[in-house]
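Here the structure is laid out as structure tokens; the discussion comes afterwards.
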Protein chains: 2
Amino acid sequence: MCYHSLNDRGYSNMNKYYLFFGNLANKLKIDIITELKKSPCSVLELSDKLKTEQSKLSHSLHSLRCCSIVNVKQEGKKRIYSLNKETILPILKIIDKHENKFCKKHCRALKK
Amino acid sequence: MCYHSLNDRGYSNMNKYYLFFGNLANKLKIDIITELKKSPCSVLELSDKLKTEQSKLSHSLHSLRCCSIVNVKQEGKKRIYSLNKETILPILKIIDKHENKFCKKHCRALKK
DNA sequence: AACACATATGAATAGAAATTCATATTTATA
DNA sequence: TATAAATATGAATTTCTATTCATATGTGTT
């Protein structure tokens, strides 16, 4: 999921897209993003809010951090994760629009 | 990959995001999108251009169609697939920007 | 209606990514 | 410096998705 290394090894530039998408193709990661959208928080806080085991979060946060969708800073013993809103929020908004515009209609069409 | 049915069964609205991303998290699908960006074409034409087996393309095109990323129309024996540029091109552009702005710097940081 | 061309479909398998769980590392504090 | 708290890591396993390949379906032509 960390595509930086891939790029370095001379892989096609197109790879970045599907690696980026792959990184987000997961319910937990979307839940994390949704939570961090409200406010930054630590791993244990996330664990509590999302009722999710800690190492699972650490793994997910690692790959989100890998492609800079989240940032982290140390605060005492805690590591505070925050959302890089600049990229992901516009994308989610485009998807919302897409759903409204294309998917409801298409859905009916498919049911026929 | 077809999330319409999921929505119908009362799943959370958040699912749509990761299902959408999941649908794009694949090299072949990005290649298809890249090709259809140039011009619409049939499955066999795609097969030729991308040096890819036909049923593989049909499967990929099916899921891309499911979430309205591509459209299709019948023309004689052929089915002509075209890209719904409205959604995907802006998203790819955002990802490009993201890479340039965040990933190169971050990449260096990770290597230390 | 038989045929060929074009595409779709289904089921088995292969492949990739997420999860789990035990343990290591990091950070602050007594 | 020993300890506790917070997080990260690795490897085994499970779960999910893509691929493969054989075959079915659809479309136009003779």
Side-chain angles (χ1 to χ4, degrees), chain A residues 1-3 5-6 11 15 17-33 36 40-67 69-82 110 112, chain B residues 1-3 5-6 11 15 17-33 35-36 40-67 69-82 109-110 112:
Chain A
M1 220 62 106
C2 272
Y3 45 75
S5 50
L6 287 177
Y11 280 71
N15 286 307
Y17 295 122
Y18 83 84
L19 292 167
F20 185 92
F21 291 129
N23 203 348
L24 294 167
N26 174 271
K27 177 158 163 40
L28 176 57
K29 287 182 189 162
I30 298 296
D31 288 342
I32 290 172
I33 287 169
L36 292 184
C41 63
S42 72
V43 180
L44 278 187
E45 283 169 329
L46 272 178
S47 179
D48 184 52
K49 288 176 178 172
L50 300 177
K51 304 279 175 258
T52 299
E53 195 256 326
Q54 171 269 319
S55 77
K56 208 172 154 181
L57 286 167
S58 277
H59 282 297
S60 288
L61 288 166
H62 175 79
S63 50
L64 288 175
R65 181 165 181 275
C66 255
C67 67
I69 292 169
V70 303
N71 295 120
V72 63
K73 66 177 170 186
Q74 194 79 32
E75 267 186 22
K77 290 178 200 171
K78 297 183 177 178
R79 314 197 77 203
I80 306 298
Y81 282 88
S82 60
L110 280 182
K112 281 196 292 195
Chain B
M1 219 62 106
C2 273
Y3 45 76
S5 50
L6 287 177
Y11 280 70
N15 286 308
Y17 295 122
Y18 83 85
L19 292 169
F20 185 93
F21 291 130
N23 203 347
L24 296 166
N26 173 270
K27 177 159 163 38
L28 176 58
K29 288 181 190 161
I30 299 297
D31 287 343
I32 290 172
I33 288 169
E35 198 55 49
L36 293 183
C41 63
S42 72
V43 180
L44 279 187
E45 282 170 331
L46 272 177
S47 179
D48 184 52
K49 287 177 179 172
L50 300 177
K51 303 279 174 259
T52 299
E53 195 257 324
Q54 171 269 319
S55 77
K56 208 172 156 182
L57 285 167
S58 277
H59 282 297
S60 289
L61 288 166
H62 175 80
S63 51
L64 288 174
R65 181 164 181 277
C66 254
C67 69
I69 291 168
V70 304
N71 295 120
V72 65
K73 66 176 170 184
Q74 194 80 32
E75 268 188 19
K77 291 178 200 169
K78 297 184 178 178
R79 313 196 78 204
I80 306 298
Y81 283 88
S82 60
L110 280 181
K112 280 196 294 195

Under 4.0 Å between a side-chain N/O of [X] and OP1 or OP2 of [N], yes or no?
X: A:Lys27; N: C:dA18; value: no
X: B:Tyr81; N: C:dA8; value: yes
X: B:Arg79; N: C:dA6; value: no
X: A:Ser55; N: C:dA22; value: no

Nearest-Å distance for atom pair [atom1]/[atom2], residues [X] and [N]:
X: B:Phe21; N: C:dA18; atom1: CZ; atom2: C1'; result: 18 Å
X: A:Leu64; N: C:dA18; atom1: CG; atom2: P; result: 10 Å
X: B:Glu75; N: D:dG28; atom1: CD; atom2: C1'; result: 14 Å
X: A:Tyr18; N: C:dA16; atom1: OH; atom2: C1'; result: 10 Å
X: A:Lys56; N: D:dT14; atom1: NZ; atom2: P; result: 15 Å
X: B:Asp48; N: C:dA6; atom1: CG; atom2: P; result: 12 Å
X: B:Gln54; N: C:dA4; atom1: CD; atom2: P; result: 18 Å

So what does A:Lys78 hit on the nucleic acid, given a heavy-atom distance under 4.0 Å: a base, only sugar-phosphate, or nothing?
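A:Lys78: backbone/sugar contact only, no base atoms under 4.0 Å.
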
Would you indicate which nucleotide in D:dT20, D:dA6, D:dT9 comes nearest to any side-chain atom of A:Lys77?
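Among the listed nucleotides, the one closest to the side chain of A:Lys77 is D:dA6.
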
Under 3.5 Å, side chain of B:Gln74 to main-chain N/O of B:Gly76, donor-acceptor pair present?
yes

How many angstroms lie between atom CZ of A:Phe21 and atom CD1 of B:Ile30, to the nearest 0.5 angstrom?
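Answer for the CZ-CD1 pair, A:Phe21 versus B:Ile30, is 5.0 Å.
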
Applying the 5.5 Å / 30° rule, does B:His59 stack onto the base of C:dT9?
yes

